[in-house]
Amino acid sequence: MRIANLHGRAVLVSDERALDIGMASGGALPADPAELFTRWSDLIAWAAGQDVASDPAAVAYSPADLGAPSPRPSQVFGIGLNYADHAAEAGLAVPTSPLIFTKFPSAVSGPDIDVTLPGDTVDWEAELVVVIGVGGRHIGEESAVAHVAGYTVGQDLSERTVQWEGGSPQFSAGKSFEGFAPIGPVLVTPDELTDPESLSISTTIWGADGTSTVAQNGRTDQLIFGIAALISRLSAIVELRPGDLIFTGTPPGVGAAMNPKRFLRDGERLVTEIEGIGQIEQRFH
Ligand code: ZN
């Protein structure tokens with residue numbers, strides 16, 4: 001099942017068509033995409049009986065009409081250095097436990113947006129994002145997947161100067177500017193992916209002149225701490241809540257690790273894609 005946020009309303013999506021969940025359920029399920037996470041098991045049961053492709057109430061849409069599939073998460077977690085090949089690129093030791101930071105929730109945006117560059121060292125990080133369906137504390141790895149609503153594509157945009165200024169790392173500051181946590185285009189439920197830890201993940205930069213560069217081209221099988229381990233670790237510390245986001249880390253190919261370093265410029269476009277989920281796009285000014 002693929003779920004999206006179309007003009008602020010929750011929709012089921014199939015073949016570029018969208019069915020309004022609030023209307024199609026006759027008001028039995030919430031129209032608000034954020035509220036929907038509190039009724040997740042009811043949604044799954046109802047959606048199993050829907051056929052979006054043949055439903056005359058389904059409408060065509062364009063990616064620019066989509067908002068964040070989880071638009072108001074109470075918490076947004078980021079995990080640093082979580083790809084073995086990215087840790088090697090950064091010249092840093094593989095972490096012995098997950099490196100946890102937050103992106104403040106006001107940074108969350110839809111998948112197809114314009115972003116104002118707050119500085120001249122804004123970098124990209126393509127990430128598989130886990131969306132929590134059923135919250136809880138002290139979730140064991142063996143039951144973690146039952147707490148996942150689904151997966152989406154995210155960009156952990158990072159202003160590197162702000163991230164490192166002041167003498168000690170400030171990941172939460174450098175990664176929380178407006179539009180710095182775009183997610184989408186859809187939330188894909190776990191049953192649709194054979195293995196979320198074996199997907200291709202890429203970032204392509206498009207220049208104003210139409211040239212493109214594939215900056216990142218990795219696979220989620222390089223995750224050091226897998227999805228279940230992250231849910232278990234985070235929930236040992238905080239209460240996970242419906243709609244919360246976990247940015248699971250990025251593969252190699254970030255601009256800060258290039259020689260010379262290379263950051264986003266006015267007029268460039270960033271396209272981030274994960275196999276089986278889709279792609280998101282940001283334009284920088
Ligand atoms: Zn990241």
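Whatever order the structure lists them in is the order used to number ligands and atoms, beginning at 1. Throughout, residue positions are numbered sequentially from 1 according to the sequence presented. All values derive from a computational prediction rather than experimental measurement.
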Is it true that the side chains of Thr161 and Thr121 contain a donor and an acceptor less than 3.5 Å apart? yes
Check ion pair Lys103-Glu125 (N to O, under 4.0 angstrom): no
Let's go through Arg262 and Glu268 carefully: what are the C-alpha distance in whole Å and the side-chain angles of both, what is the deciding distance for salt bridge (Lys or Arg N to Asp or Glu O under 4.0 Å) to 0.1 Å, and is it a yes or a no? CA-CA 12 Å; Arg262 193 256 193 247; Glu268 288 184 327; 2.8 Å; yes
Residue pair Ser97, Arg233: steps toward the side-chain hydrogen bond (donor to acceptor under 3.5 Å, both in side chains) verdict: CA-CA 9 Å; Ser97 68; Arg233 175 63 176 160; 4.7 Å; no
For Ala10 and Pro30, the nearest pair of non-hydrogen atoms, with its separation, is CB-O, 4.4 Å
Check the Zn ion (ligand 1) and write out every protein N, O or S atom at under 2.8 Å, as residue and atom. Glu125 OE1, Glu127 OE2, Asp156 OD2
ring-ring contact (aromatic ring centres under 6.0 Å, His included) between Trp164 and Phe171: does it pass, once the steps are laid out? CA-CA 7 Å; Trp164 297 102; Phe171 279 38; 5.3 Å; yes
